[in-house]
Amino acid sequence: MTAIVATPPAALHDTFQALNIKPAHNDVYDAEEKKRRIFDTPYAPNLKWWTTNQAEYVKPSQDPLPEGYPDQVVSNSVWDGKVLINQPEKWLYQFTDDDIKLINKAYDHFQSLSITNNEIDRTTFPIPTETNLHDVLTGVTHELNHGLGFRVLRGLPVDPWTRSKQISVFAGISAYVSPRRIASPSGDNITHLRWVLVSCKCTKLTGIIAVFHNDGSLGIISLFTLGVAETGGLSQLASVGQTYNEFARDRRDIVRELAKTDWKNKYPPEADNYCIGRRLIHPVGDKQVISVYSRRPYFGFYGADEDVEPLTREKHLALDAIHFTAEKYSIDLDLETGHLEYVNNVTVYHARTASEDSEKNQRHLIRLWLDNEEQALPDNLVDEFRAPREGQRWPQEAWD
């Protein structure tokens, strides 16, 4: 596999042309116009542009919020990560020796049944209800919906385990967070997040950043760390409510833009995730806001509809505003081998810093998406989020 190397924003155009993007329409525009339409919204946010705009912005006398949007989000999920990083007791749990014994016992029971991972649930991966571990695992769901919106569990002794056991234990623990799994676009229940050094004549791989975003039509993001990079690769989380509150206080023009229904992504019309006219933030319940935003669709990251114009200046700025405001309040977590991270996908933004792998130390996480039946949603998103989408495959490696 060819190494993917971090590049300056201006060079990302050429980098992503190598993805062999296939437009939905042929020979409609010349080469330069196609490139403009596909790439005029860079994936990398522009800090200079945002800070200059902030310095020059004058708040108008008439500055309303869109109808239905709160003056401020009031919730436990509103937090400043720069403060929270020094309060690990609020978001971190360390597995005890007794916990590990219970997890191993549950795995042994699952193995004795001679069934597949598709049949893992609380009955086939049993943790006794009277134990502290049961309370901890079921309490994750409450924390995701009524607390900070994320939880980190650490201390699983994964190195001696086979890959098969690592995956089954991850699925078993996650069954206590949510009973419903959501397949990736490939149809797999899990995704291996790693750079692959196979067939690469290099000793290091550098991964580009992932900007702050949400992961699509799903409730919970679950991550299990099996390997760490030589440097970098921090997991960054930021409160959607905290980010919104800053916009509602100082930059209501950004809120109005994100709440518009004229957003058009660049995916070809035949793509499953082609979307026109959906807001990026939605008011729900009493003084709550959720986010369903990802930057990649507006850049043409995987494919591009050349009929879709590049984003307007106002929309492009709103995307950059999300990233830099979320970053301002983010908690940056250095996940270690054996760490589990659970995140409410619509109340917490997530991102990743650039990383560098070596032959000895390579970043490797497994991602499992879960439904979140307790999460309040606007009516127009319920069917999309609640649709059954469990997969069948549990690939053992990224290349399977």
Side-chain angles (χ1 to χ4, degrees), residues 40-42 44-84 149 211-214 236-265 275-295 297-299 308-330 344-351 376-381:
D40 256 16
T41 304
N46 188 325
L47 178 59
K48 183 178 179 180
W49 182 31
W50 171 240
T51 53
T52 300
N53 182 274
Q54 282 278 71
E56 295 175 349
Y57 180 76
V58 177
K59 189 176 175 68
S61 57
Q62 298 296 317
D63 195 25
L65 287 166
E67 183 178 356
Y69 286 76
D71 289 335
Q72 293 279 279
V73 171
V74 180
S75 169
N76 291 328
S77 66
V78 176
W79 41 263
D80 182 346
K82 305 306 186 265
V83 175
L84 204 57
V211 304
F212 283 94
H213 64 287
N214 312 105
Q236 298 178 290
L237 306 176
S239 163
V240 167
Q242 179 82 9
T243 304
Y244 173 88
N245 284 351
E246 176 142 322
F247 293 154
R249 184 182 66 243
D250 300 328
R251 293 299 303 261
R252 293 188 171 187
D253 59 317
I254 300 296
V255 176
R256 290 192 292 270
E257 201 62 49
L258 296 173
K260 288 181 178 178
T261 58
D262 60 349
W263 288 85
K264 299 179 181 180
N265 71 32
C275 181
I276 292 180
R278 187 169 75 182
R279 298 170 175 176
L280 302 192
I281 57 172
H282 300 256
V284 293
D286 181 25
K287 294 187 176 181
Q288 307 298 310
V289 170
I290 64 170
S291 174
V292 289
Y293 154 69
S294 177
R295 191 180 184 91
Y298 302 99
F299 174 59
V308 176
E309 281 285 345
L311 292 180
T312 63
R313 178 181 176 85
E314 292 78 15
K315 281 182 164 43
H316 190 171
L317 182 70
L319 300 190
D320 283 16
I322 288 176
H323 176 77
F324 292 116
T325 307
E327 186 177 57
K328 176 180 176 181
Y329 293 110
S330 71
N344 185 319
N345 181 50
V346 297
T347 64
V348 177
Y349 293 117
H350 65 282
L377 297 168
D379 291 343
N380 65 314
L381 295 184

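Just so you know, residue 1 is the first one in the sequence shown, and it goes up from there.
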Chemist: Yes or no on side-chain contact (heavy atoms from CB on, under 4.5 Å) for H316 and W49, after CA distance, side-chain angles and deciding distance?
Modeler: CA-CA 11 Å; H316 190 171; W49 182 31; 3.6 Å; yes
Chemist: Say whether, by atom type as modelled, one donor and one acceptor occur between the side chain of N214 and the main chain of V346 under 3.5 angstrom.
Modeler: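 The answer is no, because no donor-acceptor pair under 3.5 Å joins these two groups.
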Chemist: So how far is it from S330 OG to L84 CG, rounded to the nearest 0.5 Å?
Modeler: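 Those atoms lie 11.0 Å apart.
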Chemist: Do V292 and L381 make a side-chain contact, defined as non-hydrogen atoms from C-beta onward lying under 4.5 Å apart?
Modeler: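 With C-beta onward as the side chain, the pair touches.
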Chemist: Can you list everything that forms a salt bridge (Lys or Arg N to Asp or Glu O under 4.0 Å) with E246? Sequence neighbours excluded, please.
Modeler: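 So E246 forms a salt bridge (Lys or Arg N to Asp or Glu O under 4.0 Å) with R249, K328.
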Chemist: Quick one: pull up OH in Y244 and CD1 in I322 and give me the separation to the nearest 0.5 Å.
Modeler: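 Taking OH in Y244 and CD1 in I322, the distance rounds to 12.5 Å.
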Chemist: State, with a plain yes or no, whether a side-chain heavy atom of Y293 is found less than 4.5 Å away from one of F212.
Modeler: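 No; the side chains remain at least 4.5 Å from each other.
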Chemist: Quick test of your reading: applying ring pair (Phe, Tyr, Trp, His ring centres under 6.0 Å), list the pairs with at least one residue in residues 61-81, sequence neighbours left out, ordered by first then second residue.
Modeler: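 Output for this query lists W79-F150.
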Chemist: Mind checking the CG-CG spacing from L280 to L258? Nearest 0.5 Å is all I need.
Modeler: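 Reported value, rounded in 0.5 Å steps: 5.5 Å.
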Chemist: If you measure from CG on D320 to CG on N53, what distance do you get to the nearest 0.5 Å?
Modeler: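 These two atoms lie 9.5 Å from each other.
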Chemist: Keeping H323 on the side-chain end and P45 on the backbone end, is there a donor-acceptor pair under 3.5 Å?
Modeler: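 Answer holds: no.
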Chemist: Check the side chains of Y349 and S291 for a donor-acceptor pair under 3.5 angstrom, ignoring hydrogens and angles.
Modeler: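 Checked: S291/Y349 side chains pair up, N/O donor to acceptor below 3.5 Å.
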Chemist: Which pairs would a plain distance check flag for residues 308-315, meaning a side-chain donor or acceptor within less than 3.5 Å of a matching protein atom at least two apart in sequence or in another chain?
Modeler:
from: E309; atom 1: OE1; to: R36; atom 2: NH2; distance (Å): 3.2
from: E309; atom 1: OE2; to: R37; atom 2: NH1; distance (Å): 3.3
from: E309; atom 1: OE2; to: R37; atom 2: NH2; distance (Å): 2.9
from: T312; atom 1: OG1; to: K315; atom 2: N; distance (Å): 3.2
from: K315; atom 1: NZ; to: E257; atom 2: OE2; distance (Å): 2.7
from: K315; atom 1: NZ; to: D262; atom 2: OD1; distance (Å): 2.8
from: K315; atom 1: NZ; to: D262; atom 2: OD2; distance (Å): 3.4

Chemist: Which residues pass the side chain to side chain donor-acceptor pair (under 3.5 Å) test with E327, not counting sequence neighbours?
Modeler: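 With sequence neighbours excluded, E327 shows a side chain to side chain donor-acceptor pair (under 3.5 Å) to no residue whatsoever.
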Chemist: Do other residues, nucleotides or ligands put more than 12 heavy atoms under 6.0 Å from K48 NZ?
Modeler: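 Not more than 12 within 6.0 Å, no.
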Chemist: Measure across P66 and V255 and return the closest heavy-atom pair with its distance rounded to 0.1 Å.
Modeler: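 For P66 versus V255, the nearest heavy atoms are CD-CG1, 3.7 Å.
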Chemist: Quick one: do L377 and I290 satisfy side-chain contact (heavy atoms from CB on, under 4.5 Å)? Show the steps, please.
Modeler: CA-CA 8 Å; L377 297 168; I290 64 170; 3.9 Å; yes
Chemist: What pair of heavy atoms forms the shortest contact from V284 to P378, and how long is it?
Modeler: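 Residues V284 and P378, closest heavy atoms: CG1-CD, 3.6 Å.
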Chemist: Ignoring hydrogens, what is the shortest heavy-atom contact between A326 and A238? Give both atom names and the distance.
Modeler: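 That would be O-CB, 3.3 Å.
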Chemist: Sequence neighbours excluded, which residues qualify as side chain to side chain contact (heavy atoms under 4.5 Å, CB included) partners of S75?
Modeler: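 Only V73, S77, V78, Q288 meet the side chain to side chain contact (heavy atoms under 4.5 Å, CB included) criterion with S75.
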Chemist: Take the angle between the ring planes of W50 and F247 and call it parallel below 30°, perpendicular above 60°, tilted in between.
Modeler: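 W50 vs F247 ring planes: perpendicular.
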Chemist: Distance from N245 atom CG to T325 atom OG1, nearest 0.5 Å?
Modeler: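 If I round to the nearest 0.5 Å, the distance is 11.5 Å.
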Chemist: Looking at D71 and R252, is any side-chain nitrogen of the basic one under 4.0 Å from a carboxylate oxygen of the acidic one?
Modeler: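 Judged by the 4.0 Å cut-off on N to carboxylate O distance, R252 and D71 do form a salt bridge.
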Chemist: Determine which pairs satisfy side chain to side chain donor-acceptor pair (under 3.5 Å) with at least one residue from residues 278-287, sequence neighbours left out, and list them in order.
Modeler: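 Sorted pair list: R278-E384.
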Chemist: Say you draw a straight line from CD of Q242 to OH of Y329; how long is it, rounded to the nearest 0.5 Å?
Modeler: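 Spacing of CD (Q242) from OH (Y329) equals 5.5 Å.
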Chemist: Does this structure show an ion pair linking R251 with D253, if we count only N-O contacts that are shorter than 4.0 Å?
Modeler: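 A salt bridge is present here (some side-chain N lies under 4.0 Å from a carboxylate O).
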